[in-house]
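Below, read A as the first sequence line, B as the second, and so on, with proteins coming before strands; counting in each chain starts at 1.
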Amino acid sequence: MMKLLPFSYAVRNLYRDRTRLLQTLGGGALVVFLVMGAYALNDGMRETLRASGSPDNIILLGAGSEESMQRSEVSEQAAGIAEAGVAGVYARLGTRAVSPEIIHMAQLRMPGGVEARGLVRGVTPRALLVHDDVAVLQGDVPGPGEVMVGRLAWKRFGVPPADLVPGARIGFDDAELTVAGIFTAPGTVLESEIWMDINDLRTLAQRDTVSAVVLRLDGGEPEDVELFTRQRLDLELSAIGEKEYYDKLASFYAPVRTMTWITAALIAAAAVFGGLNTLYAAFAARVRETATLQAIGFRPAAVFFSFMQESLMTSLLGALIGAIAAVVLLADRIVYLSAGTFRLSFGPETLFAGMAAGILLGVIGSIPPSIRCLKPSLPQALRD
Amino acid sequence: MNRQNDVLIRCHGVTKQYRKGNNLVTPLESLDLDVPRGDFLALMGPSGSGKTTLLNLLSGIDQPTSGSIEMDGVKVHALNRRELAAWRAHHVGYIFQLYHLVPVLTAFENVELPLLLDDMPRRERQERVEAALSLVGLSDRMHHFPRELSGGQEQRVAIARALVADPPLLVADEPTGDLDRQAADAILGLLHELANGQGKTIVMVTHDPKAAEAAARLLHLEKGRLLEAVS
């Protein structure tokens, strides 16, 4: 079995050049911080969009607008006709879960004068039947002249949470709307929306159509809804499962996720090159020393292994710092994209991804400098 | 024991060549040399005469282009890189001009390095390291780092490291070249004692005539050939 150099040799080598140590630690920490941030963002986005769609819900959209509820236009009569025409729709206390909704991107005036764009959903009380993960946290559902704000809407509109509490006033064009309540819909994009009475929104948005009709099935099959849209071609409807809709939305954000990863990868590459540079210098200064160790009888592989230990210790320490920084600075941070707000999610996989990046950095960063250090022949290395 | 059996190292027709740019350099050519066990041999000669090359060949750091080197019946010239490393660990101790101590290890840890190549219990390692450091007069400096030692002390640590595994051969490349006269004399006295008292075979390269006087035998090298042997 190959005899290894003492572990203390690798440990003490870390302190030989404190500037180098700090550079390598910083590089490793930065890479792990970015990888964990990117992973958490992607994970949060995927989880939120996944959770936003219910497998029991079917959305009726205007034909040709399957990819965007905002662009969709559906006849006002469609909800009533679907309620009567589709079998197997969930009902509670005789009210069937068929919710006409208007989705509108609006410019709103927040308390304090802040103006910001955000998603407003015009709803009827039936919306709570189809969006069963929505619960009123505080106050009440909105009546005419009122709105109900999602728990994370303050983040979207860039105001303090205290500005969006029941009783607060929000401006929409010439209208002043009162916040009637706050709702939650854990882990979904709905939490960043503002809900208001559908008739108010129809007037304010100057529309004579709704964006979509959402149905909650109970015993009915998606095919029944599909059949309904084909029987009522005059309504020009298209049916899509709510889950499928949000899956499509998630794939729409694939380029954003890719860009996040590319950015992280570019910075990681820069850190690898920086690390390589520092290690080249550090190991190059030890050519004669490592030749001496080989002259004593240690095999080049033992020296290589010691270099690897040294590099891995630094990168893992950097990874630990980066991981702690990511958890402290990023955990539960809320990020806004037009599809909604996403909470950065830090699970064991995120930590694993960060640590894997740290290990990879240590391994890749140490191989070329080690090879270069061990390349000269022993007589030459002892002379240098 | 006859003379034949008393020879530790036997070199026959040893030639070393290497390329430097477009030129073929021959630092050693057709060299024959026998080194008896317990010999203290000094190698002198001008720069580029092949002294260090010969030392590297004798100690298995380098290999000859042609010819044979045998030590204790082992054909050193025929060993591969891995076998050479294992052979060096048990048969050769090195003393370098600039000591070549590992700066992040203490004197004790530096001396312990060759013993880590064997499956030796920690207690035995400790005893042997302490004995080696005691032999070179540095028992009170064993937990000092090289930067905390003088040049002479560093060279003593290097000597302790060279002999701790009890190799039959010690090679020394200008061991006093970086020391003042007083420290150099102390080191030479120590080498003399190792050869005469401990029976070590020592091959030493030196430019210093005074150092060469400490040896039992002196050989001159010039342009890769042994010119003269003085007993």
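Side-chain contact annotation: T26(B) with Q17(B), donor-acceptor N/O pair under 3.5 Å present. Side-chain contact of T292(A) with E289(A): a donor-acceptor pair under 3.5 Å is absent, judged by distance alone.
Note: N13(A) leads L4(A), V11(A), N13(A) in heavy-atom pairs under 4.5 Å with chain B. In terms of heavy-atom pairs under 4.5 angstrom with chain A, the leader among V102(B), L101(B), L113(B), T53(B) is L113(B). Of the listed residues (I61(B), L117(B), D62(B), D118(B)), the greatest number of heavy-atom pairs within a distance under 4.5 Å of chain A belongs to L117(B).
For F145(B), the part sitting under 4.5 Å from any heavy atom of chain A is the side chain, from C-beta outward, and nothing else. Neither the backbone nor the side chain of Y15(A) comes within less than 4.5 Å of any heavy atom in chain B. With a threshold of 4.5 angstrom between heavy atoms, L293(A) approaches chain B through side-chain atoms but not through N, CA, C or O. Contacts of L98(B) with chain A are made by side-chain atoms alone, with heavy-atom separations under 4.5 Å and no backbone atom involved.
Here the rule is side-chain contact (heavy atoms from CB on, under 4.5 Å) with I364(A), and of L360(A), L361(A), I367(A) only L360(A) fits it.
Using a 4.0 Å cut-off between a side-chain N of Lys or Arg and a carboxylate O of Asp or Glu, E70(B) and R10(B) do not qualify as a salt bridge. Electrostatic pairing of R12(A) and E109(B) counts as a salt bridge here, judged by a charged N lying under 4.0 Å from a carboxylate O.
Ring geometry for F307(A) versus F283(A): interplanar angle under 30°, hence parallel rather than tilted (30 to 60°).
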